[in-house]
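Atom set for the values below is all heavy atoms of this structure, side chains included, hydrogens, waters and symmetry mates excluded.
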Amino acid sequence: MNKMELSGLLQNVKEIALSSFSIIESRKNEVTFFEKKDLSIVSEADIETEKYIRDSLQALTPHIPVYGEELGCDIADDCQLYWLIDPIDGTTWYKLGMPVYGSLIALIQNGEPILGSIGLPAINTLVYAGKDLGCFMSAGKNSARQLLSEPAQTAPIGVEQATITSSGMHGTSTWIENGDTPWHLISVLERAKLFKFSADCIQHVSVLNGASDAAIDTIMKPWDSAAIIICAREAGLTVMDLNGNQHGILKSGNLLTAKSEHLAKSLVQLLTP
């Protein structure tokens, strides 16, 4: 897919993402929630939003298959180009009435995200990016601005000088829950200048926006990671899994974004069991 085609798709995805906000926000005070087999929760709004985004993407690109967390994500091994959706990232926050949930759309080519949007419906904010097109943020009626880490922002700092967030203690040595590796998040908590627990995708938006220095997710699915990966890369951040890999990380099961590679590698070293 060439740069012009990708740019056109990005503008369309931006409109689809923004339009989906109204479904999520209009349903939040009246929606019914259900428990899934993995004990996570899903709402009617998740399903309605995914259907809207799925139908919109299929109309936009009939030749590209669409997969999503709620309505089917059985991706064929030989599928080289596809859409991937997480209609509400952080449904628990949505249920609790906390305005920190998100909505994610990504286009995957040959195993790597090449386009993505991170929507924050409750605050009417959208982060979006395309490969070699840059990363941008629009908030309300304000004009979009490009997110790009400046040299001063990416200068190496240690964990002891950094503001770091994590989406929770699950998948760690403190509470393994349904994780595979007991990551030593407690070591980061003890050493960081400022450590806070945050919500899912919004913590990575904080790094993109320059408000924090790094964000850690110890358990991630491909639909959780895809849009974040491309947005962070296009903003000049370091993106890696918790084993220190920077490429082929869509299915790694965890994710780290940081303002500098030095900080990211320092965090990986601390987190490693």
Side-chain angles (χ1 to χ4, degrees), residues 89-90 100 102 104 112-113 116 118 120 127 129 131 134-137 145-175 179-220 224-273:
D89 181 54
V100 291
L104 308 171
E112 292 287 354
I118 306 170
L120 304 174
V127 177
K131 186 177 180 181
C135 179
F136 301 86
M137 172 184 279
R145 62 185 180 89
Q146 187 168 7
L147 300 178
L148 183 62
S149 295
E150 301 295 334
Q153 291 180 302
T154 58
I157 63 170
V159 174
E160 293 78 7
Q161 291 81 46
T163 297
I164 300 166
T165 63
S166 175
S167 59
M169 292 299 291
H170 52 291
T172 72
S173 56
T174 304
W175 181 41
D180 297 321
T181 305
W183 303 106
H184 285 179
L185 186 63
I186 192 71
S187 297
V188 177
L189 186 153
E190 291 171 343
R191 288 167 175 77
K193 178 180 180 181
L194 177 63
F195 181 93
K196 292 289 183 180
F197 287 110
S198 180
D200 304 86
C201 63
I202 199 170
Q203 68 163 341
H204 298 281
V205 173
S206 292
V207 185
L208 284 161
N209 202 24
S212 60
D213 298 305
I216 301 165
D217 268 303
T218 53
I219 299 178
M220 293 284 267
D224 299 317
S225 298
I228 295 169
I229 290 170
I230 183 61
C231 287
R233 285 174 176 168
E234 287 297 310
L237 299 181
T238 296
V239 193
M240 59 176 60
D241 65 19
L242 301 189
N243 290 307
N245 302 304
Q246 296 191 49
H247 300 284
I249 61 176
L250 183 61
K251 298 181 180 180
S252 291
N254 47 67
L255 194 69
L256 164 67
T257 58
K259 286 184 179 178
S260 72
E261 186 172 4
H262 173 79
L263 178 58
K265 288 182 175 179
S266 297
L267 288 171
V268 167
Q269 187 174 13
L270 285 174
L271 287 162
T272 301

**Asked** Which heavy atom of A258 sits nearest a heavy atom of L237, and at what distance?
**Response** O-CB, 3.5 Å
**Request:** Only counting residues at least two apart or in another chain, list the ones meeting salt bridge (Lys or Arg N to Asp or Glu O under 4.0 Å) with K196.
**Result:** none
**Asked** Do D213 and Q161 get their side chains close enough for a donor-acceptor pair, meaning under 3.5 Å?
**Response** no
**Asked** In Å and rounded to the nearest 0.5 Å, what is the NE2 to CZ distance from H247 to R233?
**Response** 6.0 Å
**Complete:** Correct closest heavy-atom pair for M169 and F197 would be SD-CZ, 3.2 Å
**Request:** Walk me through it: do L270 and H184 pass the test side-chain contact (heavy atoms from CB on, under 4.5 Å)?
**Result:** CA-CA 7 Å; L270 285 174; H184 285 179; over 6 Å; no
**Residue pairs fulfilling side-chain hydrogen bond (donor to acceptor under 3.5 Å, both in side chains) with at least one residue in residues 262-273, sequence neighbours excluded** = E261-K265
**Least distance between heavy atoms, T218 atom then G171 atom** = CB-O, 3.8 Å
**Prompt:** Closest approach of A199 and V100, non-hydrogen atoms and distance?
**Reply:** CB-CG2, 3.4 Å
**Item:** Verdict with reasoning, I186 to T172, per side-chain contact (heavy atoms from CB on, under 4.5 Å)
**Value:** CA-CA 8 Å; I186 192 71; T172 72; over 6 Å; no
**Prompt:** Taking the side chain from S225 and the backbone from L250, do they hold a donor-acceptor pair closer than 3.5 Å?
**Reply:** no
**Request:** Please report the C-alpha distance between S166 and V188 in whole Å, then the side-chain angles of each, then the deciding distance to 0.1 Å, and finally whether the side-chain contact (heavy atoms from CB on, under 4.5 Å) criterion is met.
**Result:** CA-CA 10 Å; S166 175; V188 177; over 6 Å; no
**Prompt:** With no hydrogens and no angle check, do the side chains of S198 and Q203 hold a donor and an acceptor under 3.5 Å apart?
**Reply:** no
**Request:** Could you walk me through whether I118 and H204 pass the side-chain contact (heavy atoms from CB on, under 4.5 Å) test, one step at a time?
**Result:** CA-CA 10 Å; I118 306 170; H204 298 281; 5.7 Å; no
**Item:** Heavy-atom pair with the smallest gap, counting every atom of A214 and L263
**Value:** CB-CD2, 4.0 Å
**Message:** Using the rule side-chain contact (heavy atoms from CB on, under 4.5 Å), only one of L189, L256, V159 pairs with I164; which is it?
**Reply:** V159
**Request:** Using a 4.5 Å cut-off on heavy atoms from C-beta on, say whether the side chain of L185 contacts that of T174.
**Result:** no
**Item:** Short side-chain to backbone donor-acceptor contact, N254 and L242, under 3.5 Å
**Value:** yes
**Message:** Please report the interatomic distance CG(L267) to OG(S187), rounded to the nearest 0.5 Å.
**Reply:** 11.0 Å
**Request:** Would you check if the side chain of D241 reaches a backbone N or O of S252 as a donor-acceptor pair within less than 3.5 Å?
**Result:** no
**Message:** Once rounded to the nearest 0.5 Å, what's the spacing between atom OG of S149 and atom CD of E234?
**Reply:** 12.0 Å
**Asked** Are the side chains of M137 and L208 in touch, meaning some heavy atoms are under 4.5 Å apart?
**Response** no
**Asked** Which atom pair, heavy atoms only, marks the closest approach of C201 to G102?
**Response** SG-CA, 3.7 Å
**Prompt:** Which value, rounded to the nearest 0.5 Å, describes the distance between R191 atom CZ and E160 atom CD?
**Reply:** 7.5 Å
**Complete:** Value for OG1 (T181) from CD1 (I219), rounded to nearest 0.5 Å, stands at 9.5 Å
